[in-house]
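Scroll down for the structure; my scribbles are underneath it.
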Amino acid sequence: MSSADVVIGVDMGTTATKSVAYTADGVQVASAAQGYPLDEPFPGHATQDPELILAAVYETVRAVVAEVGVARIAGLSFSSAMHSLLALDTELKPLTPVITWADTRASVQAERLRASATGLALHRRTGTPVHPMSPLVKLIWFREQEPRIRQNAAFWVGIKDWIQLRMCGALVMDHSLASASGLMDIFRLQWDDEALSLAGIRPDQLPELVPTTTILPELTEEAALATGLPLATRVVVGAGDGPLANLGVGAVRPGVAAVSVGTSGALRVAVDRPAVDPRGGVFCYALTENRWVIGGAINNGGVTLDWVREEIGAGPDVTTAELLDAAQTVPAGSGGLMMLPYLLSERAPHWSSLARGAYIGLTRAHRREHLVRAAVEGVCLQLALVLQSMRAAGLDIDEIRATGGVMKHPLWTQTLADALGSPIGLLESQEGSGFGAALLGMSALGLVESIDDAAKYIPVTETVRPKPADAAVYRSLLPMFDELYDALIPTFQRLKRLAPSLPLN
């Protein structure tokens, strides 16, 4: 091994950037993180200052370089939150803040396009669900609501594209983030003519499409000075955080799925070629040109239990662990109580901003522990719907690996195993996307033979197996849980129309 044996994975998340240095045998040797705000100045807005994210990248990389030493750095490789959008002027300066995946201003445009004959065809062709998170739908919103910005925008990019423009002087978008834009045909790896027409933009207003393993030109003087790295440092363009999370937990072999439940949640499996289920319940995003990730993300994971704890009288002295301990005494099915956990609307597999949370079947006999357990079950049943859509896309899944903050309590892990009807392998590593970025970089730079080596770096430390009786309960509840969403959609629509006349305070 040469002295330059370390790759820095730069993971640009929604609330922080973390840079982590790994050796080619998967050992973490240094890390640094820096946060930044998610600005929500008006209802539906969720934006960020791109300069703050660039500063966080520079600061964290510089800290890692100082700790490891310049001589050991073989290169950088990037991970980024998906679905971001940023308008640039003719001088490549931002005209807008970063419009993040969490921004829901385009809800009306999303529901309209989703209800049209075009919506499902676009989803199947581009791999991206028709949802307010999608850059395609955001661009339709700009066309309709902000014509001046649209007229002055010379380019439309994602946050990673702009960061790498500043760092390397190249305006490119990797196939992974492009596959999450709603603008690229995932079968041809080219911008989709119909999507661009709907968005009202031209191909020359978008970055050049490149594989995720592309090595960018040398660093700009600004980037070299800010990071302490030589101009000749190699930078691998990298990919989206979802596909890289699969790589980072060793779930890159077809048939091996990764499930994560933190504030939100996701379930994804790697495949050799792109596909979408007939109903459009799952996304399909690129990891490399011959490895794709199919699955779905949910908005409501641990945040659901946080709400229950804060709003259903737990009191300041009761910990989340104590709530879960009490809920564990309740049998599976929560005594006939079901929770639709759509506190933040929902993504997979329905991909609608209309959804709202609900308790169904509530009686006077139910206690707080039933409400807590029903919330956990609701999140796990939602992930079971995602798994159902993945199987409808023709996917065989024979192993599931799990990470995420909530996985520390046995009620979450056991309920998830029971709801999915599958053993769950728990992992010690929680780095996910950052390690995935570093591994992709190592592959591009020739430090490892293949991304398929990932699994050997992340062994399963514990396996939770489903309890047959409880798994049978969730199998019987799942169709009902799914039907409740459809049954309540008319109510959700009417409530949305009435919302302006029904203030919270």
Side-chain angles (χ1 to χ4, degrees), residues 11-15 38 46 79-84 100-104 107 110 114 123 126-138 158 176-177 179-182 239-249 251 257-271 276-277 279-287 292-304 340-353 355 378-390 392-393 395 397 400-407 416 419-420 432-433 436 485:
D11 183 16
M12 299 184 296
T14 304
T15 57
L38 179 66
S79 167
S80 172
M82 308 181 89
H83 314 296
S84 64
T100 71
W101 65 270
D103 195 286
T104 59
S107 295
R114 187 168 180 80
H123 182 171
T126 67
T128 305
V130 177
H131 186 271
M133 69 181 184
S134 165
L136 163 61
V137 180
K138 293 183 175 86
S176 180
L177 289 176
S179 65
S181 70
D241 59 357
L244 285 173
N246 269 56
L247 177 56
V249 299
V259 60
S260 60
V261 187
T263 301
S264 57
L267 180 64
R268 303 172 294 260
V269 66
V271 295
V276 175
D277 71 295
R279 293 178 60 189
V282 294
F283 56 62
C284 181
Y285 302 146
L287 175 57
W292 296 74
V293 169
I294 295 176
I298 64 172
N299 287 350
N300 303 279
V303 70
T304 308
L340 301 185
Y342 308 140
L343 304 180
L344 299 171
S345 72
E346 195 48 284
R347 285 183 282 172
H350 301 296
W351 303 104
S352 173
S353 60
V379 172
C380 294
L381 286 169
Q382 191 67 25
L383 287 166
L385 290 181
V386 176
L387 180 61
Q388 188 172 269
S389 293
M390 292 164 69
L395 303 175
I397 297 170
I400 299 177
R401 293 175 158 225
T403 60
V406 307
M407 293 298 166
L416 187 61
L420 298 184
S433 302
Y485 172 88

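This is a predicted model, so every value here is computed, not measured.
For the pair Ser181/Thr128, no side-chain contact is recorded, criterion being any heavy-atom separation below 4.5 Å from C-beta on. Using a 4.5 Å heavy-atom threshold, the side chains of Arg401 and Val259 count as separate. Contact check for Ser352 versus Arg347: no side-chain heavy atoms found under the 4.5 Å cut-off. Looking only at side-chain heavy atoms (C-beta outward), Met407 and Val261 come within less than 4.5 Å of each other. Counting only heavy atoms from C-beta outward, the side chains of Leu38 and Thr100 approach each other to under 4.5 Å.
Distance CD/Gln388 to CG/Leu267: 12.0 Å, rounded to 0.5 Å. Between the CG atom of Asn299 and the OG atom of Ser345 there is a distance of 5.0 Å, given to the nearest 0.5 Å. To the nearest 0.5 Å, atoms CG (Leu383) and CD1 (Ile400) are separated by 9.5 Å. Here NE2 of His350 is found 7.5 Å from CZ of Arg279. Values are rounded to the nearest 0.5 Å. Distance check, rounded to the nearest 0.5 Å: CG of Leu387 to CD1 of Ile397 gives 5.0 Å. Residue Cys380 holds its SG atom at 11.5 Å from CG of Leu385, rounded to the nearest 0.5 Å.
Minimum interatomic distance between Ala46 and Ala102 (heavy atoms only, all atoms of both residues): CB-C, 3.6 Å. Of all the heavy atoms in Leu343 and Thr304, the pair that sits closest is CD1-CA, 4.0 Å. Between Val249 and Ala258 the shortest heavy-atom distance is CG2-CB, 3.7 Å. Here the closest heavy-atom approach between residue Ser84 and residue Pro135 is recorded as O-CG, 3.9 Å. Smallest separation of non-hydrogen atoms from Leu381 and Ala419: N-CB, 4.4 Å. Pairing each heavy atom of Val276 with each of Ala393, the nearest pair is C-CB, 4.2 Å.
At least one donor-acceptor pair under 3.5 Å links the side chain of His131 to the backbone N or O of Met133. The closest donor-acceptor contact from the side chain of Asn246 to the backbone of Arg268 lies under 3.5 Å. Proximity of a side-chain donor or acceptor of Ser179 to a complementary backbone N or O of Ala286 within less than 3.5 Å is detected.
Side-chain contact annotation: Ser433 with Asp241, donor-acceptor N/O pair under 3.5 Å absent. Side-chain contact, Glu346 with Tyr485: no donor N or O sits under 3.5 Å from an acceptor N or O.
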inquiry  = side-chain contact (heavy atoms from CB on, under 4.5 Å), that's the test. Do Thr104 and Ser353 meet it? Break it down for me.
reply    = CA-CA 8 Å; Thr104 59; Ser353 60; 5.6 Å; no
query = Run the side-chain contact (heavy atoms from CB on, under 4.5 Å) check on Asp277 and Met390 step by step: do they pass?
reply = CA-CA 7 Å; Asp277 71 295; Met390 292 164 69; over 6 Å; no
inquiry  = Between Asn300 and Ser264, is the side-chain contact (heavy atoms from CB on, under 4.5 Å) condition met? List the steps.
reply    = CA-CA 5 Å; Asn300 303 279; Ser264 57; over 6 Å; no
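The ring-ring contact (aromatic ring centres under 6.0 Å, His included) test with His83 is passed by exactly one of Phe283, Tyr285, Trp101: Tyr285.
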